[in-house]
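Below: one structure, written as C-alpha cells.
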2 protein chains.
Amino acid sequence: MKVKRDMNGLTEDEFLKSYDVSKFERPSVTVDNLVFAIDEIENNDIRKLNDKRLQVLLVYRENHPFIDKWCLPGGFIKMDETLEEASLRTLEEKTSVKDIYLEQLYTFGEINRDPRTRVIGVAYMALVNKKETKIVDESKNTDWFTIKQIGDELILENDNGIIVRFPDLAFDHGKIIEYGLFRIRNKLEYTDIAFSLLPKEFTMAELQQVYEVILDKKLTKANFQRKIKNKVQCLNKYKTGGFRPAMLYKYNGKKH
Amino acid sequence: MKVKRDMNGLTEDEFLKSYDVSKFERPSVTVDNLVFAIDEIENNDIRKLNDKRLQVLLVYRENHPFIDKWCLPGGFIKMDETLEEASLRTLEEKTSVKDIYLEQLYTFGEINRDPRTRVIGVAYMALVNKKETKIVDESKNTDWFTIKQIGDELILENDNGIIVRFPDLAFDHGKIIEYGLFRIRNKLEYTDIAFSLLPKEFTMAELQQVYEVILDKKLTKANFQRKIKNKVQCLNKYKTGGFRPAMLYKYNGKKH
DNA sequence: TCAAAAGTGTTGGCACTACACCCATGA
DNA sequence: TCATGGGTGTAGTGCCAACACTTTTGA
C-alpha cells in the first residue's frame, strides 16, 4: 500500500517525528473525585432503626492555593495514565477504596478556576460502601462530611462540628458537589447505583433508607418494595441483633 | 485579617509568583464537536411526506495524523477560552451555526488516542436546524453524513456516496458518535431537545418524524400527539404547498 | 374514486399512589 | 400492652400502547 504524504510531502512517521509538542501552550488537567457514601448513626433505642445520612469525602488543604479550605480529593493526571486510572490513583492515596462504582461526571473548564494556571478539571463520581472504606492513617486531613439541607441552602458538616458552606469549598468544588447530587438523584431512579452504596447483604428497610436519604423524601414501604423486588434476591436469612429479624436480600445483577 | 502562610512561610501571592507551570508535563486538550441535524429529502410524489434522516457533520483530514480519514470538527483549546467557547469557535470555523443547542458529552482520555502527543478530548454535542446551518464556502472538506443502520452495523454516508464505517473515523471519533447517539436517544425521551432540530414552526408529522428517525422506530400518530401536545402551541396557521394543509405548531418553552 | 396523510376516539393493561391492615418483637 | 418496624393486600388513578375510524386533499 502506498504511504500517504501530506502537503509538505511528509509521511505520517516523518510528520510525527517533526511534531513539536511544546509549540502550543497547554492547560493542566486534574481529576476531582466526588465520593458519596451512606453513613449509619448508631442508635441507643433498640426499637428504632439506625438513621442514615449521605456523606461526601473532603480533604483539608494545607497548601496554597485555597489554604485552609476543604476540597475534593484529586490531583493532576499523569501522562501515562487514563482519566479513570488517575481517579482511582488519587482516591487510593486517601482511602482504601477498591471495587467501587466510578463514573465520569463532567469536565469543568472555566478559565480562572485555579489561580496557579489554566486547569481543566475532569470530575468523577464514586459510590462506596462506607464500612469497607477506611481513610488511610496518614491523612488526618481527610474526613467525611454529611450533606444537610438548612432552609434553602445545602451545607456540609463533619462529626467534629466543622461546617462548610458550598461556596466556601476550594476551587469550584461546591459546584461539582451540586452537580453530582443532581446526577445521583436522577440515576437513583432509573439505574441500580443504590446497591453500590450498601454491603452485599441488606434488608429492605436499609435499601429504602438509601433512597430516602438521597432523594430527601419519605417513601412508602409497600410501594417501594413492589418497585424494587425484581432487582433483588431473597437470601432466606434474617438480620438479627436488637429488633425483629428482617429478611436479608442481595442485589440481583452485577454491581459495578 | 491575617494573611495565611503555608509550611514554607509563603503567602498565597508569594506562592503563586513562585509557582512554575513548566514543572510538570501537561497533555493537550481538544474539543470534538458532534453536530446532529435532521435532513429532509425532497420528494416528487406530492402525496408522500418528505423522508427525514439523521446526519452528523464530518471533516476530511488533509493533514497527518489520520490523513485522508474523516473526523469530527474541533480543535485544540486556547488558554483564554472556556471549553464551551472553544466548541463554538471551532464550529464557527466550519459552519454558520448560531444560537444552537450545545451540551458537553463526555471526556475521552485514553493514552494513545492521538499519535502526536497525549490529548484529552472533551466531546460536545450540538443540535442544529440544518436549513439554518450553512457549511462555510472555504470548507470543501466538510460535509453532512447520514447515519444508517446496515444489519447490526452503523455506517455513515454522504450524498456523494462516500461511506465511512465507525471504526474508520480518525482518532476515537467513532466512539464519540456512538456515545452521542446513545445520549440523544435517551434525552429525546425525557427532555425537549427535539425542538432544537426543527425550525420555529413545524407540523406534528414533522415533529414525529424527528422522533422516529432518531429512535429508529415507527410511532403511532395519536399516541405521539397526546404525549407531545402539552409541549407545543397551536398557531392556527396551516402548512400548505402540495398536500392537505397541516396545522403548524411552535415549541412552548425556551429552546436552548 | 383512490391513496395518502391529517386528525380524533376507544379500549385495556400496567404501574404507581395512597392507605389500611396484621404480625413479631423487646421493653 | 405498647411502640416500632416487618411484611402484605386493595382500590383508585393516570399514563401509555394498540387499534380503529373519519376527514381532507390532489391526481
Side-chain angles (χ1 to χ4, degrees), chain A residues 40-52 185-186 188-192 194 198 201-213 215 217-250, chain B residues 40-52 186 188-192 194 198 201-213 215-250:
Chain A
E40 197 167 330
I41 306 175
E42 295 293 333
N43 197 323
N44 295 326
D45 187 347
I46 197 162
R47 287 265 184 70
K48 286 196 172 170
L49 270 174
N50 288 338
D51 273 334
K52 291 201 165 51
R185 282 178 176 160
N186 271 306
L188 204 64
E189 316 241 33
Y190 70 94
T191 71
D192 297 348
L198 282 172
E201 306 188 346
F202 49 83
T203 67
M204 278 293 177
E206 287 167 343
L207 183 58
Q208 185 175 337
Q209 279 182 311
V210 171
Y211 278 78
E212 288 180 342
V213 80
L215 299 176
K217 68 176 175 199
K218 282 277 160 211
L219 304 173
T220 60
K221 200 173 18 168
N223 296 336
F224 177 77
Q225 298 199 7
R226 257 190 296 274
K227 181 180 172 146
I228 220 79
K229 70 168 179 296
N230 53 344
K231 295 182 178 184
V232 296
Q233 196 179 321
C234 173
L235 290 172
N236 289 310
K237 281 199 292 186
Y238 288 87
K239 173 170 183 166
T240 55
F243 195 55
R244 172 175 174 181
M247 183 65 77
L248 282 165
Y249 294 84
K250 68 169 188 173
Chain B
E40 200 168 327
I41 307 174
E42 295 295 333
N43 197 323
N44 294 326
D45 187 346
I46 197 161
R47 285 266 184 73
K48 286 195 173 171
L49 272 173
N50 288 338
D51 273 334
K52 291 202 166 50
N186 271 307
L188 203 65
E189 316 242 32
Y190 68 93
T191 71
D192 296 348
L198 283 171
E201 306 188 346
F202 49 84
T203 67
M204 277 294 175
E206 286 166 344
L207 183 58
Q208 186 175 337
Q209 280 183 310
V210 171
Y211 278 77
E212 288 179 341
V213 80
L215 299 176
D216 195 25
K217 68 175 177 199
K218 282 276 159 211
L219 304 173
T220 59
K221 201 173 19 168
N223 295 336
F224 177 77
Q225 297 198 8
R226 257 188 298 273
K227 181 180 172 148
I228 221 79
K229 68 171 182 295
N230 53 342
K231 296 184 176 181
V232 295
Q233 196 178 322
C234 172
L235 290 171
N236 289 310
K237 281 198 292 186
Y238 288 87
K239 173 170 184 166
T240 55
F243 196 57
R244 172 175 177 183
M247 183 66 78
L248 282 164
Y249 294 83
K250 67 169 188 174

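Chain naming here is simple, since letters A, B, ... match the order of the sequence lines and numbering starts at 1 in each.
Separating the CG atom of Leu207(B) from the P atom of dG7(C) is a distance of 13 Å, rounded to the nearest angstrom. Here dT25(D) presents its P atom at 18 Å from CG of Asp45(B), a figure rounded to the nearest Å. Residue Ile46(A) contributes atom CD1, which lies 10 Å from atom C1' of dT25(C) at whole-angstrom precision. Atoms NZ (Lys218(A)) and C1' (dT4(D)) sit 13 Å apart, rounded to a whole Å. Put simply, CD1 on Ile228(B) is 16 Å from C1' on dA17(D), counting in whole angstrom units. Rounded to an integer number of Å, the gap from NZ of Lys227(B) to P of dA17(D) is 6 Å. The nearest whole Å value for the distance from the CG atom in Leu219(B) to the P atom in dA5(C) is 15 Å. For the pair Asn43(B) CG and dA4(C) P, the interatomic distance rounds to 11 Å; values are reported in whole Å.
Partners of Leu49(B) according to the side chain to side chain contact (heavy atoms under 4.5 Å, CB included) rule, which considers only residues two or more places apart in sequence or in another chain, are Ala205(B), Gln209(B). By the side chain to side chain contact (heavy atoms under 4.5 Å, CB included) test, Leu248(A) is found to be paired with Glu201(A), Thr203(A), Leu235(A), Lys237(A), Lys239(A), residues two or more places apart in sequence or in another chain being considered. Lys227(A) pairs by the side-chain hydrogen bond (donor to acceptor under 3.5 Å, both in side chains) definition with nothing, not counting sequence neighbours. Applying the ring pair (Phe, Tyr, Trp, His ring centres under 6.0 Å) criterion to Tyr249(A), with sequence neighbours excluded, gives no partner residue. Shown here are the side-chain hydrogen bond (donor to acceptor under 3.5 Å, both in side chains) partners of Gln208(A), two or more places apart in sequence or in another chain: Glu212(A).
More than 12 heavy atoms of other residues, nucleotides or ligands sit less than 6.0 Å from atom NZ of Lys231(B).
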Nucleotide by nucleotide, nucleotides 5-12 of chain D touches protein heavy atoms under 4.0 Å in the pattern (B base, S sugar-phosphate only, - none) BBBBBB--

